[in-house]
2 protein chains.
Amino acid sequence: MTQARRGPRERMVFSAAQLIRRQGVTATGMREVAAHADAPRGSLQHYFPGGKEQLVNEAVAWAGRYAARRVARFLAGLDRPTPSGLFAAMAAQWTDEYAADGFTAGCPVAAATVDCATSGDSTREAAATAFATWRGPVAEALTGMGVPPVRADSLATLMISTLEGAILMARAERDVRPLTTVVEELGPLLDAATGEGRAGEAIAAAD
Amino acid sequence: MTQARRGPRERMVFSAAQLIRRQGVTATGMREVAAHADAPRGSLQHYFPGGKEQLVNEAVAWAGRYAARRVARFLAGLDRPTPSGLFAAMAAQWTDEYAADGFTAGCPVAAATVDCATSGDSTREAAATAFATWRGPVAEALTGMGVPPVRADSLATLMISTLEGAILMARAERDVRPLTTVVEELGPLLDAATGEGRAGEAIAAAD
DNA sequence: CGGCTACTATGACCGCTGTCATAGTCGACC
DNA sequence: GGTCGACTATGACAGCGGTCATAGTAGCCG
């Protein structure tokens, strides 16, 4: 959530993501997006001839890229990088936001996934690629910490799933408890995966 | 889900939950709910004088009770109850549904949480109590399996968070992979919490 | 200047939403 | 039968949704 002085088009995509993650897709109107972005209403059909569907999809894609970018920053912020540290940083972004701005917003990708009836199937695909865009850097970071590549992708899925669910519950309860809880509970499991050679395979094979 | 021959009121609540978990709250119209429930449109204002908000809240509450009820059934279905077995059963309900009916629906509580702009704050509270209603039996089941009571609630939160997130990702990707992945990855952690006396406290204190 | 392109500005259209108002039906009870 | 209550049936209303159509402006190029 950074620079506000970009082109109107970019501002509208950003505003769309902001509104979607607060209200959901259907409840967010295009006029509202334009107003929130201080952009002229006439620009909507000019920049997004594909209509609301295109705007929503771009907002979701933007959110995916944003999440991926954040992973790199979180890594840079850890002086001794561990999986649990990365996960804690990812969750901390949400606890911080909730402490500062209240529990008004969630993840735009989650909102789009839940609310993809209005926008056609393309929005669901956009959400899927957004999740993949996000999961990539997380898995990469895990391998960089010594997690076997086979498990890295699984653990990245676990981390993102858990985080999304915790965001959901935290928003519902208006309490960061779910976020802090999953960080504490999942941390040991994540760190245990580093440096284990065939131990990881053993666990996986135990099934 | 189950019995279709109940009173019209109950059918409407059930249909509302069904439609909400497919389309989201805002995208689901009241006329649509009545039609889906084969209920007369005039009954809407009669049974739900509180309007859409009341209907949505009751649907969410119903979903919470339903999830709680399912936990008991899952427990009964396990011949040797373990935390990982319970979690796997919870996830299997979703993989089964997705295999049978496609990835069209998610969790109604999640949908209501994301999309609570139209309905006022009461819907958010309904979602919070639904999560609590769900978490209760899960935590209780865990303590019954030997998990220390202090950790049981945390692990229940972890299980539900992870499951909700995995449902989300599975729906987006149209693939049950996230669900199966989190079951495999989380299983050992959950089972490790059974029967540990002060080991659990040690982990928690290590922080 | 003319012409072109990028962008902006409105206004209108149609469909759908939740909600209210009114009238109608049905069945039980005295 | 008469009356009351629960329930059903429509119709209308006001508002907002996305989208199309049309006209307008600004700036650059030749």
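Atom OG1 in T157(B) sits 3.5 Å away from atom CZ in R177(A) (nearest 0.5 Å).
Between F131(B) and P178(A), the closest side-chain pair of non-hydrogen atoms is not below 4.5 Å. At least one side-chain heavy atom of P49(A) sits less than 4.5 Å from a side-chain heavy atom of Q54(A).
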Determine whether Q93(B) and E97(B) satisfy the following criterion, side-chain hydrogen bond (donor to acceptor under 3.5 Å, both in side chains), listing intermediate values before the conclusion.
CA-CA 6 Å; Q93(B) 176 178 17; E97(B) 175 183 328; 5.8 Å; no
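Between E53(A) and S43(B), the residue anchored nearer the 5' end of DNA chain D, judged by the nucleotide with its closest heavy atom, is S43(B). Each of T28(A) and Q45(A) lies near DNA chain D, and the nucleotide nearest T28(A) is the one positioned closer to the 5' end.
Interface remark: the R41(A) side chain does form a donor-acceptor pair with the dG11(C) base, using a distance-only criterion of under 3.5 Å.
For DNA chain D, the span of nucleotides reached by chain B at under 4.0 Å from its heavy atoms goes, 5' to 3', from dA6(D) to dA12(D).
Note: CD (Q54(B)) to P (dT19(C)) measures 10 Å, nearest angstrom. Remark: P of dC20(C) and CG of L44(B) are 12 Å apart, rounded to the nearest angstrom. We find that CZ of R31(A) is positioned 16 Å from C1' of dT8(C), with the value rounded to whole Å. Per the geometry, CD belonging to E32(B) stands 11 Å off C1' belonging to dT17(C), to the nearest Å.
With T143(A) contributing its side chain and E140(A) its backbone, the two residues share a donor-acceptor pair below 3.5 Å.
The shortest non-hydrogen separation linking L142(A) to A152(A) is CD1-O, 3.5 Å.
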